[in-house]
Student: 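Starting off with a structure, shown below.
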Amino acid sequence: MKSTARRQSYGVKGAPYAHPSPTTTLKRARSAPYFFLLPAALLFTLFFALPIGYAVWLSFRKVKVSGLGLGAGARKEVWAGLENYTDALTDSELLHGALRVLGYGCIVVPVMLGLALLFALMLDSEKVRLAPFTRLAIFLPYAIPGVVAALLWGFLYLPDVSPFYFVLDKLGMPQPDLLDGGPLYLALSNIAVWGGTGFNMIVIYTSLQAIPAEVYEAAKLDGATPSQIALRIKIPMVAPSLVLTFFFSIIATLQMFNEPTTLKPLTNSVSTTWSPLMKVYRDAFGEGDIYGAAAQAVIIAFATLLLSFGFLRAANRRQKQEAAR
């Protein structure tokens, strides 16, 4: 027994095995989470924090041209201060693009979230048939890339190749041009609603599935109808999911770029500055003004952050007021 205990207390070369002290063990335990967070922190710094910092730095710079701009040292990057921001805030094209996106968002957000809530309530009903297939069919458009979806709908909007216009022509019905004027907002909104409703529906439907069945049973014992259960129990209990989907929808609306850019070759109604991000892209890569484009991008990011923070704060305040009641 003594020899066995002696072999266990000594290492390979006969040296006694040194157990780590409690202080060392505590330090290792405290530093372990940071090692797990290190890869995510590096990726966040390289692909998120550094690009943002570089864009902010560029927004305060400009190119100073000396003479004819020829020769070495004729073009220098100098400090511009708030000049780029002043030019961006007084740019009428950027303002008009923001107003167009605002009108687009007033159509997309209510319709998309309304349909998502309606589909989620229908799928959560006891009388629904083929729920897995229906859920997949509603969600499937979200899996299609935005550029592909915009291109698909763009050809369906073209009178020369669209089967819908062929049917309307055979029936002798009017054929509206959805890529010109006011109908363009409806055409763009339809693409966003078709592609985004499924994702929001899944978020709301998941929240509905988390509601305990005892709540429904108690409501049925009290004589509540399915419509009353939906309006007075289901919708109030999925309010956090509605807030989350509304928050995501606002961000996606402010970042609108793919749909109008894809439809631009199909119509003259979509300019290169139709949305704020399209103007940033044109100024940076079309006109070579990366400094002014950086300032515009920072303004758009700040506006998105301000609107998102304001909305979340208002939603949290309302939830606290309702909880206090």
Side-chain angles (χ1 to χ4, degrees), residues 96-123 125 127-202 204-205 227 230 245-246 249-250 252-278:
H96 292 160
L99 294 177
R100 284 189 287 265
V101 169
L102 178 62
Y104 162 84
C106 291
I107 300 174
V108 170
V109 176
V111 175
M112 181 169 59
L113 296 186
L115 289 176
L117 178 60
L118 177 62
F119 291 151
L121 292 174
M122 292 174 62
L123 290 173
S125 176
K127 299 180 180 181
V128 68
R129 303 299 180 109
L130 301 175
F133 173 78
T134 306
R135 185 169 59 248
L136 178 62
I138 298 174
F139 178 77
L140 189 59
Y142 178 75
I144 299 177
V147 176
V148 176
L151 191 61
L152 170 66
W153 280 102
F155 282 106
L156 292 177
Y157 294 150
L158 284 178
D160 295 335
V161 297
S162 174
F164 300 114
Y165 283 91
F166 175 78
V167 174
L168 292 176
D169 181 52
K170 292 300 181 181
L171 296 176
M173 300 177 64
Q175 305 174 25
D177 188 359
L178 297 177
L179 295 178
D180 187 22
L184 178 62
Y185 286 87
L186 299 178
L188 291 170
S189 301
N190 174 65
I191 299 174
V193 170
W194 181 76
T197 300
F199 170 79
N200 296 302
M201 181 271 297
I202 290 295
I204 300 173
Y205 178 74
S227 60
T245 53
F246 188 82
S249 300
I250 290 179
T253 300
L254 295 175
Q255 296 178 350
M256 182 187 185
F257 179 81
N258 290 334
E259 293 84 355
T261 303
T262 306
L263 293 182
K264 184 182 176 304
L266 305 179
T267 176
N268 294 326
S269 299
V270 180
S271 63
T272 55
T273 59
W274 197 91
S275 70
L277 285 184
M278 290 180 67

Student: Specify the closest pair of heavy atoms between Lys264 and Val270, including all atoms of both residues, with the distance to one decimal.
Tutor: CG-O, 3.4 Å
Student: Keeping to residues at least two apart or across chains, list the side chain to side chain donor-acceptor pair (under 3.5 Å) pairs with something in residues 152-170.
Tutor: Tyr157-Asn190, Asp169-Gln175
Student: Nearest 0.5 Å please: distance from the CG atom of Leu168 over to the CZ atom of Phe164.
Tutor: 9.0 Å
Student: Would Thr134 and Arg129 satisfy side-chain contact (heavy atoms from CB on, under 4.5 Å), going step by step from the backbone distance to the final call?
Tutor: CA-CA 8 Å; Thr134 306; Arg129 303 299 180 109; over 6 Å; no
Student: Does Tyr142 have more than 12 heavy atoms from other residues, nucleotides or ligands lying within 6.0 Å of its OH?
Tutor: no
Student: Which pair of non-hydrogen atoms, one from Gly105 and one from Thr253, has the smallest distance, and what is that distance?
Tutor: CA-CG2, 3.6 Å
Student: Do the side chains of Pro276 and Val101 get nearer than 4.5 Å, heavy atoms only?
Tutor: yes
Student: Hey, does Leu186 have a side-chain heavy atom less than 4.5 Å from the side chain of Ile107?
Tutor: yes
Student: Output the distance between atom CG (Leu254) and atom OH (Tyr104), rounded to the nearest 0.5 Å.
Tutor: 11.0 Å
Student: Which value, rounded to the nearest 0.5 Å, describes the distance between Tyr205 atom OH and Met122 atom CE?
Tutor: 12.5 Å
Student: First locate atom CG of Leu121, then atom CD1 of Ile204, and finally report the distance between them rounded to the nearest 0.5 Å.
Tutor: 8.0 Å
Student: Which heavy-atom pair separates Leu263 from Ala150 by the least distance, and what is that distance?
Tutor: CD2-O, 3.6 Å
Student: Which pair of non-hydrogen atoms, one from Met256 and one from Ser275, has the smallest distance, and what is that distance?
Tutor: O-OG, 3.1 Å
Student: Answer yes or no: is there a donor N or O on one side and an acceptor on the other, between the side chain of Ser269 and the main chain of Leu179, under 3.5 Å?
Tutor: yes
Student: Arg100 and Tyr185: which non-hydrogen atoms are nearest, and at how many Å?
Tutor: CG-OH, 3.1 Å
Student: Restricting to non-hydrogen atoms, name the atom on Leu151 and the atom on Thr262 that form the minimum distance, rounded to 0.1 Å.
Tutor: N-CG2, 3.7 Å
Student: Out of curiosity, Leu113 CG to Leu117 CG, how far, rounded to the nearest 0.5 Å?
Tutor: 8.5 Å
Student: What is the distance from atom CG of Asp177 to atom OG1 of Thr267, rounded to the nearest 0.5 Å?
Tutor: 6.5 Å
